[in-house]
Amino acid sequence: MTTERVSAPSGDEEDPALGYYDNEDELEAFSAGEPGCEDGVLGFSHSLSGEVKPRILLMGLRRSGKSSIQKVVFHKMSPNETLFLESTNKICREDVSSSSFVSFQIWDFPGQIDFFDPTFDYEMIFRGTGALIFVIDSQDDYVEALSRLHLTVTRAYKVNPDINFEVFIHKVDGLSDDHKIEKQRDIQKRARDDLADAGLERIHLSFYLTSIYDHSIFEAFSKVVQKLIPQLPTLENLLNIFISNSGIEKAFLFDVVSKIYIATDSSPVDMQTYELCCDMIDVVIDISCIYGLADTETGLPYDKESMAIIHLNNTTVMYLKEVTKFLAMVCFLRKDNFERKGLIDYNFHCFKQAIQEVFDVRVKVQQNRKLLTNRRWSKLSLTNGGLNNPR
Ligand SMILES: Nc1nc2c(ncn2[C@@H]2O[C@H](COP(=O)(O)OP(=O)(O)OP(=O)(O)O)[C@@H](O)[C@H]2O)c(=O)[nH]1
């Protein structure tokens, strides 16, 4: 996945598929109201181009672990290195675009920000938001975090009831299993009671137990991202058809860099299977990085030929194959069924073609949107004597 800091914000069009809306005026208003923003991190010079990306906000009290989550998941930072992260004092916006399917912006908020300062245009922020992740430090007293969560969620809901509210009960690595469950139950109950007391029980909060020291943070992020992929039901369907015709037990579609799985078939996911997939991707990428040649476009040593087969000691076979330049399919199947590898490969070929068609539709939608935007701009510049042309 390519992660980059961007200076140009995304488009202003209403996205029929995603239902998000960005607007240049709004962005500029926000920019003006947030004096601490760095150019190049939050430069809102021109937003009327390109694709609208769903926005994921990372919020929570200071030192709850927001920046660490972002660095570990999207920058491959080792968890121990996060000990040396400095406190964030500006909103950091980052574009994560690895494919048409996994493409969004992450906004990391400083913990100490006065979120409801009148100069801070929170309405604009929430209006274009797809998911709000609220991080609660489970190793700390969470009373203040809960009241902050309540305030944030209720304000955000008023502006945009379509936001997915995701609560990460974070840093659970220090807790025993019983303790984890107890904490989750307590936090969940208090948060929901607070909403019920305010007559807002219709607001749905999803809870996840997370830690950067294991795979739980990747799994939680996968679920958050999946909710923002409008093609998810189609992808799931394609995977169901693929596995039922190939004698495969479980299949995941992974983003190879972040190890976020963007879709899986409809059978339940267990953590161990997910962890094995992550380990397999690490092995493939690490070996390729050492001995392979990096693709000039993506910078990744991962291409059409990339594949791996691992025979586990319990008669299960893991099979990884490249789907697109950023995506890989990882499957689990019995050894006996792997004897029909020709059939699996043929079905995989059909699956890949179907995925390509889904991609093409999305690309067409984006191109049409771009055309429409350009037309609107040329009309605007004509009426203003050519002075308004942003280019
Ligand atoms: N044990 C443990 N520590 C964590 C975890 N995630 C983050 N931390 C630690 O928590 C501390 C604070 O992390 P940050 O990512 O800087 O927190 P933040 O929320 O971005 O803080 P601000 O920028 O001040 O808002 C760091 O020392 C991290 O190493 C985790 O899952 N487990």
Side-chain angles (χ1 to χ4, degrees), residues 3 5 34-38 41-42 55-94 96 105-117 120 122 125 129 131-153 155-156 165-184 187 191 206-224 258-260 271 274-275 278:
T3 55
R5 300 221 157 201
E34 217 313 78
C37 296
E38 266 173 24
V41 177
L42 260 178
R55 199 179 287 162
I56 298 180
L57 309 185
L58 270 171
M59 291 183 165
L61 296 186
R62 288 195 62 180
R63 313 302 290 159
S64 54
K66 302 175 291 294
S67 309
S68 309
I69 292 173
Q70 192 188 3
K71 297 281 180 205
V72 169
V73 177
F74 298 106
H75 295 262
K76 281 195 159 282
M77 182 181 270
S78 92
N80 288 330
E81 280 177 68
T82 65
L83 288 168
F84 311 107
L85 279 178
E86 281 181 19
S87 202
T88 317
N89 52 20
K90 294 167 187 141
I91 301 171
C92 287
R93 198 188 78 159
E94 180 172 10
V96 178
Q105 290 177 347
I106 297 190
W107 290 32
D108 182 8
F109 282 75
Q112 79 278 16
I113 205 162
D114 181 6
F115 194 59
F116 299 106
D117 181 325
F120 189 76
Y122 69 88
I125 297 171
T129 296
L132 191 160
I133 299 176
F134 196 92
V135 185
I136 296 180
D137 182 346
S138 67
Q139 296 186 7
D140 201 7
D141 178 26
Y142 44 77
V143 175
E144 196 193 336
L146 279 169
S147 72
R148 187 75 168 192
L149 167 71
H150 181 76
L151 195 65
T152 311
V153 163
R155 295 275 179 127
F165 295 106
E166 320 278 4
V167 183
F168 284 8
I169 302 169
H170 194 51
K171 305 191 189 178
V172 292
D173 43 274
L175 309 176
S176 68
D177 283 351
D178 286 349
H179 209 164
K180 272 184 209 172
I181 294 173
E182 204 179 294
K183 277 242 158 107
Q184 178 170 9
I187 290 177
S206 306
F207 293 85
Y208 308 82
L209 289 166
T210 56
S211 163
I212 53 168
Y213 288 95
D214 58 35
H215 291 97
S216 56
I217 193 64
F218 296 95
E219 218 211 344
F221 231 103
S222 300
K223 291 187 174 148
V224 171
S258 65
K259 289 181 284 181
I260 281 178
M271 189 72 172
Y274 175 71
E275 285 176 8
C278 291

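Remember, it's 1-based here, ligands and their atoms both numbered in the order they're listed.
When each atom of ligand 1 is checked for a heavy atom of Thr82 under 4.0 Å away, the hits are 26 (C), 27 (O), 28 (C), 29 (O). Those atoms of ligand 1 that come under 4.0 Å of a heavy atom in Leu83, given as number and element, are 27 (O), 29 (O). Shown in contact with Asp173 at under 4.0 Å from a heavy atom are these atoms of ligand 1, numbered in order with element: 1 (N), 2 (C), 30 (C), 31 (O), 32 (N). If you number the atoms of ligand 1 from 1 as listed, the ones under 4.0 Å from a heavy atom of Ser211 come out as 31 (O). Close approach to Ser87 involves these atoms of ligand 1, each under 4.0 Å from a residue heavy atom: 22 (P), 23 (O), 24 (O).
For ligand 1, the polar-atom distance check against Gly65 finds a nitrogen or oxygen pair separated by under 3.5 Å. Not a single N or O atom of Thr210, backbone or side chain, sits closer than 3.5 Å to an N or O atom of ligand 1.
Side chain of Arg55 to main chain of Ile125: a donor-acceptor pair is present (N/O by atom type, distance under 3.5 Å, no hydrogens or angles). Panel note: side chain Ser138, backbone Ile169; no donor-acceptor pair is recorded below 3.5 Å.
The heavy atom nearest to atom 31 (O) of ligand 1, considering only Asp214, Asp137, Ile212, is found in Ile212. Distances from atom 3 (N) of ligand 1 to the heavy atoms of Lys171, Glu86, Lys71 put Lys171 nearest.
For the pairing with His170, the side chain to side chain contact (heavy atoms under 4.5 Å, CB included) check across Ile136, Ile69, Asp137 returns one residue only, Ile69.
When all heavy atoms of Lys66 and Met59 are compared, the pair lying nearest together is CD-C, 3.4 Å.
Within a 6.0 Å radius of CD in Gln139, other residues, nucleotides and ligands contribute more than 12 heavy atoms.
A heavy-atom separation below 4.0 Å is found between Ser64 and ligand 1.
Only the side chain of His170 comes within 4.0 Å of ligand 1, counting heavy atoms alone; its backbone N, CA, C and O stay farther away.
For Asp178, there are no salt bridge (Lys or Arg N to Asp or Glu O under 4.0 Å) partners at least two apart in sequence or on another chain. Applying the side chain to side chain donor-acceptor pair (under 3.5 Å) test to Glu166 and every residue at least two apart in sequence or in another chain returns Tyr208, Lys227.
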Using the rule given for side-chain hydrogen bond (donor to acceptor under 3.5 Å, both in side chains), can you reason through Glu94 versus His75, listing the C-alpha separation, both sets of side-chain angles and the distance that settles it, and then say yes or no? CA-CA 11 Å; Glu94 180 172 10; His75 295 262; 2.7 Å; yes
